[in-house]
Amino acid sequence: MEDKFDYILIDSPPVLAVTDAQILSTIADGVIMVVASGQTAKEMSQKAKELLLKVKANILGVILTKVEIRTGKSYNSKYGYAYYYYYNEDGDKVKKKKSGLDKLKRKGA
């Protein structure tokens with residue numbers, strides 16, 4: 001399939017449920033973890049990461065889903081600042097502002 005497609009995405013069951021994700025990660029170029037905000041406990045996410053790293057998975061990043069966007073009464077805008085975190089080569093967590101502003105359509109805004 002690599003000859004026909006630039007990107008191939010493989011969906012798997014949750015890491016903690018079965019070993020499918022760990023096995024698939026050994027043949028994939030990279031792994032993107034998907035974490036549900038407000039549903040996935042921090043400890044569960046950390047354990048999933050540990051299990052993937054145990055099999056030498058190349059974790060490319062995390063997608064955070066189900067994020068609640070709140071609007072303040074004093075600030076009414078359809079633009080939001082997006083931030084992301086990454087770990088540098090020393091393993092230190094670094095907060096970096098995402099380049100540009102993302103248009104976020106908010107309810108009632």
Side-chain angles (χ1 to χ4, degrees):
M1 293 180 84
E2 288 177 334
D3 297 336
K4 292 184 178 189
F5 302 99
D6 293 330
Y7 299 99
I8 302 168
L9 299 176
I10 304 170
D11 188 14
S12 75
V15 177
L16 299 179
V18 290
T19 59
D20 296 21
Q22 289 172 274
I23 294 167
L24 288 169
S25 74
T26 64
I27 61 169
D29 293 332
V31 173
I32 299 173
M33 293 178 57
V34 179
V35 178
S37 175
Q39 288 183 318
T40 307
K42 181 179 178 180
E43 297 78 20
M44 292 174 66
S45 298
Q46 290 172 333
K47 180 66 177 173
K49 177 186 168 189
E50 290 170 13
L51 290 171
L52 289 169
L53 291 176
K54 210 177 255 190
V55 294
K56 297 182 173 46
N58 179 22
I59 300 176
L60 302 174
V62 178
I63 296 174
L64 186 62
T65 63
K66 302 180 183 180
V67 177
E68 182 180 331
I69 299 174
R70 299 179 189 159
T71 59
K73 292 181 181 179
S74 62
Y75 183 74
N76 188 9
S77 174
K78 292 185 181 183
Y79 298 94
Y81 292 96
Y83 293 90
Y84 63 90
Y85 293 89
Y86 69 94
Y87 291 89
N88 63 20
E89 292 178 2
D90 298 326
D92 300 322
K93 185 176 180 180
V94 180
K95 179 179 179 180
K96 185 166 183 162
K97 186 175 165 184
K98 187 175 180 183
S99 59
L101 291 174
D102 291 340
K103 288 184 180 182
L104 300 175
K105 294 191 176 187
R106 297 180 179 168
K107 295 177 183 175

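Remember, it's a predicted structure, so these values are computed and weren't measured experimentally. Here, residue 1 is the first one in the sequence, and each next residue gets the next number. Worth knowing before you read on, the calculation uses all heavy atoms, side chains too, and leaves out hydrogens, waters and symmetry mates.
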Peer 1: Which distance, rounded to the nearest 0.5 Å, do you find between the CD1 of I59 and the CG of L53?
Peer 2: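 Spacing of CD1 (I59) from CG (L53) equals 4.0 Å.
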Peer 1: M33 versus L52: any side-chain heavy-atom pair under 4.5 Å?
Peer 2: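 Yes, side chains in contact.
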Peer 1: Decide whether V15 and L64 are clustered together by the hydrophobic rule: side chain heavy atoms of Ile, Leu, Val, Met, Phe, Trp, Tyr closer than 4.5 Å, transitively.
Peer 2: yes
Peer 1: Where do M1 and I8 come nearest, in terms of heavy atoms and distance?
Peer 2: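 Shortest heavy-atom contact: CB-CD1, 3.5 Å.
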Peer 1: Listing request: all side-chain hydrogen bond (donor to acceptor under 3.5 Å, both in side chains) pairs with a residue in residues 51-65, at least two apart in sequence or in separate chains.
Peer 2: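 side-chain hydrogen bond (donor to acceptor under 3.5 Å, both in side chains) check on residues 51-65 returns no pairs.
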Peer 1: Show every donor-acceptor pair shorter than 3.5 Å between a side-chain atom in residues 16-30 and any protein atom, with sequence neighbours excluded, or say none if there are none.
Peer 2:
from	atom 1	to	atom 2	distance (Å)
Q22	NE2	L51	O	3.3
S25	OG	Q22	O	2.7
T26	OG1	I23	O	2.6

Peer 1: Tell me, yes or no, whether the heavy-atom count around E2 atom CD, taken from other residues, nucleotides or ligands under 6.0 Å, exceeds 12.
Peer 2: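 Atom CD in E2 is not crowded, with 12 or fewer foreign heavy atoms closer than 6.0 Å.
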Peer 1: Which heavy-atom pair separates S45 from V35 by the least distance, and what is that distance?
Peer 2: OG-CG1, 3.6 Å
Peer 1: Applying side-chain hydrogen bond (donor to acceptor under 3.5 Å, both in side chains), can you list everything that pairs with K66, at least two apart in sequence or on another chain?
Peer 2: Q39
Peer 1: In this structure, would I10 and I63 fall into the same cluster of hydrophobic residues linked by side-chain contacts under 4.5 Å?
Peer 2: no
